[in-house]
Number of protein chains: 2
Amino acid sequence: MPAGSDLFLRMAWQRMGPSIADVAKLAGVGKGTVSRVLNGRPGVSEQTAAKVRQAIRQLGYTPNVQARRLAQNKSDLICFVLSNRDFLHEFHSLVLKGVESYCSKVGRDLVFALWRYPLDGNLASVVPPRIIANRGSVDGAILAGANHIECVKAISKLGVPCVAFGNNLIGCTYLSEVDSVWYDEQPGTREAIRYLASLGHRHIRFAANISLPWFARNYRAYSEAMLDFGLAPALIAVNDTTDYVEIGERAVQELLDSGEPTTAIFAGNDVVAVSVIRALARRGLKVPRDISVVGFDDSPRCIECDPKLTSVHVPKEALGAECARFLIEKISAPGRVSGARVVSTHLVVRESCAPPRQTS
Amino acid sequence: MPAGSDLFLRMAWQRMGPSIADVAKLAGVGKGTVSRVLNGRPGVSEQTAAKVRQAIRQLGYTPNVQARRLAQNKSDLICFVLSNRDFLHEFHSLVLKGVESYCSKVGRDLVFALWRYPLDGNLASVVPPRIIANRGSVDGAILAGANHIECVKAISKLGVPCVAFGNNLIGCTYLSEVDSVWYDEQPGTREAIRYLASLGHRHIRFAANISLPWFARNYRAYSEAMLDFGLAPALIAVNDTTDYVEIGERAVQELLDSGEPTTAIFAGNDVVAVSVIRALARRGLKVPRDISVVGFDDSPRCIECDPKLTSVHVPKEALGAECARFLIEKISAPGRVSGARVVSTHLVVRESCAPPRQTS
DNA sequence: AATTACTGTGGAACCGGTTCCAACGGATGC
DNA sequence: GCATCCGTTGGAACCGGTTCCACAGTAATT
């Protein structure tokens, strides 16, 4: 492009809009003044500002984002990284929604990236997503999906501020090992047990694959709640599959085979719960008449099944929003904030629980 | 920051990495040469290139993306816009997955944005998402979710290359009115009708709210297929609600009230289909023994319900990938490609259909 | 030996903003 | 009347890349 070419030439040659210099020239002021008006900084007389605004309108001027980013050495971009998930399931869709909603409120945009690596394998060869590795690409990252804690630390060490979704962290020994946001299973779980107990249930069993950390955490919360209410925790473990539907089916089979008295099932999540209900139905057992079922997550499918599922609500959007808030605090005050943040859960009562049948 | 400050000062003061000038100085070459090496351009001797690579390694240099973007006037960023959807449901999650997978293959990153506007109201006051309006922010946009065709045209007129998801376009009178990617309902629908007919069904009714354009398109495909097989199309319209679950329930009620002979229901989508199955079950009718049901979309819930749902598969990932491919072609060859592209559908047979009961 | 051709290479100019400093003009104070 | 101060303002320098032109060597040609 020819040096010093004027606006007309530039626009004709490439699809390039007017620049701040064109505005300045038309308004008869300096570049600095236009910049001040654009960013609402003080120190410009109303008269001059009006001239500038007029020129901006006349040219249809829009600031070039890249140039601003270069000059300010920041991008106003947040990266949402979904790790080791085949795609965005309902849960993370809602987390993303919370993140998006907070980000758009504070004028930041969202980059979406996937990240895959062996969660159990050799972590030494794991490379961060390109967008994170490129310096200056994004101001920070939210690590959602399932991550190994060492990979979160690795991203941090790259100098990119980041916040992780806590409950799916692998290898994390204590809450605040990395900056993270968690949902607390306890409040909702306690409510669920109290509710079942108040209906008269005594034999409430937990069904899941507790080799998966999130189920393990739920199970611990369940156990504590049971003990608090003077009840004996009991587990139906299906630890050799990660297919939630299969976990539900096999749990029912195992339960019926064992013949142990059971009046209610607390499922590790909603998919397991729905699968449990269907497996029970196939064996002629009706929910909640013959047995009560409680799910975990409060996903949309709770109201799409019959009976509608009583479930522990996880505030997914709030979780996402909290991740975003935390990250943006970290970005604007590096080193000033850190630790773990927690959002609460609560029970949503629907139709899948009833008083236990009078034992024959 | 002081002018001409050296690397050490810059890194100490702000968290700023080494720049291309630092690499050039260390390697004893010019900036241009370093740039040539970085971008793998010819015209650099192997000896010099080696020196440069050594210096890059020594400093741990990473190029600054923003600077590159400014100089090249492109961002390598694609925007995925989800319009008028409360969040990413399964369908669009999979479309997004297809987009992501194609983009990451060709080295582009993905920005995620939501866009809300009244689809029927006053379109004059609709403002495009900030990220699109900002010149230079993204190279192009994929408009997913439900869009009004005038809004797609408005984005185009801003000079931002874009491709829209076709099937949810409002106000679109012919396929190639804007650059778009569609799934073709016909092949899968014909397969479904042929399959039902081959089982012996003659009275197959379509259930949906056909005031919604996507259902209207499905209905048209259904009607054509029915006629082709010498059968009479019949509609159960529930046009006064957009709640899919309610559509299913009310359709069943209407069907039973009418008393018209019906041996199979072709639902507008899977959510409607599942709702139909449940509503039938509540009235003591079992699928597929008493009546057959076919869904549309082939969503995950097809295998999470009982019986597993036979459904017309929409290749959502392929659709997303095609959007991305189309857009990137538009970006690299402006004005050279345009029109509508189509991906096909096909039937996936599961458990929800059987030969019709011998009429009593 | 002089001319031509070609390969490498340095570096100035440029992308389009932000930031900061010097300077200007008018009002105020003495 | 002169010094001081403050609100405005222009513009140079800068952010960190890319691009392109000019030019130095060296090899090939005449």
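First the proteins, then the strands, lettered A, B, ... as listed; each starts at 1. Fair warning: this is a prediction, and the values are worked out from it, not measured in the lab.
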Asks: Partners of B:Ala318 by side-chain contact (heavy atoms from CB on, under 4.5 Å), sequence neighbours excluded?
Replies: B:Pro315
Asks: By nearest atom, which of the nucleotides C:dT19, D:dG16, C:dG17 is closest to the B:Arg135 side chain?
Replies: C:dG17
Asks: How do B:Val29 and B:Ala71 order along DNA chain C: which one's closest nucleotide is nearer the 5' end?
Replies: B:Val29
Asks: In chain order, what residues pass the side-chain contact (heavy atoms from CB on, under 4.5 Å) check against A:Val106, with sequence neighbours excluded?
Replies: A:Tyr102, A:Arg108, A:Ile328
Asks: Where along residues 42-50 of chain A does a heavy atom come under 4.0 Å from DNA chain C, residue by residue in number order?
Replies: none
Asks: Would you kindly give the CZ-to-P distance between B:Arg41 and C:dT7, to the nearest whole Å?
Replies: 17 Å
Asks: Applying side-chain contact (heavy atoms from CB on, under 4.5 Å), name anything that partners A:Arg130, two or more places apart in sequence or on another chain.
Replies: A:Asn134, B:Asp109
Asks: Hey, is the side chain of B:Arg36 poking within less than 4.0 Å of OP1 or OP2 on D:dT19, counting only N and O atoms?
Replies: no
Asks: Without decimals, in angstroms, what is the distance between A:Lys25 NZ and D:dG10 P?
Replies: 15 Å
Asks: Between D:dT18 and B:Ser35, is there an OP1 or OP2 to side-chain N/O distance shorter than 4.0 Å?
Replies: yes
Asks: With respect to the phosphate group of D:dT18, does any side-chain polar atom (N or O) of B:Asn39 fall under 4.0 Å of OP1 or OP2?
Replies: yes
Asks: Listed by chain and number, what are the salt bridge (Lys or Arg N to Asp or Glu O under 4.0 Å) partners of A:Lys51, not counting sequence neighbours?
Replies: none
Asks: Does B:Arg68 place a side-chain N or O at less than 4.0 Å from the phosphate oxygens OP1/OP2 of C:dC15?
Replies: no
Asks: Calculate the interatomic distance between B:Leu70 atom CG and C:dC15 atom P; express it in whole Å.
Replies: 9 Å
Asks: Identify, with sequence neighbours excluded, every residue that meets side-chain hydrogen bond (donor to acceptor under 3.5 Å, both in side chains) alongside A:Asn168.
Replies: none
Asks: Given the structure, check if the side chain of B:Lys31 and the base of D:dG17 hold any donor-acceptor pair shorter than 3.5 Å.
Replies: yes
Asks: Return the value, rounded to whole Å, for the distance between atom CD of A:Gln72 and atom C1' of C:dT19.
Replies: 10 Å
Asks: Set out, in order, the CA-CA distance, both residues' side-chain angles and the distance that settles salt bridge (Lys or Arg N to Asp or Glu O under 4.0 Å) for A:Lys157 and A:Glu150, then state yes or no.
Replies: CA-CA 10 Å; A:Lys157 236 170 263 163; A:Glu150 292 306 327; 5.9 Å; no
Asks: Look at A:Thr33 and D:dG10 and indicate whether a side-chain polar atom (N or O) is within less than 4.0 Å of OP1 or OP2.
Replies: yes
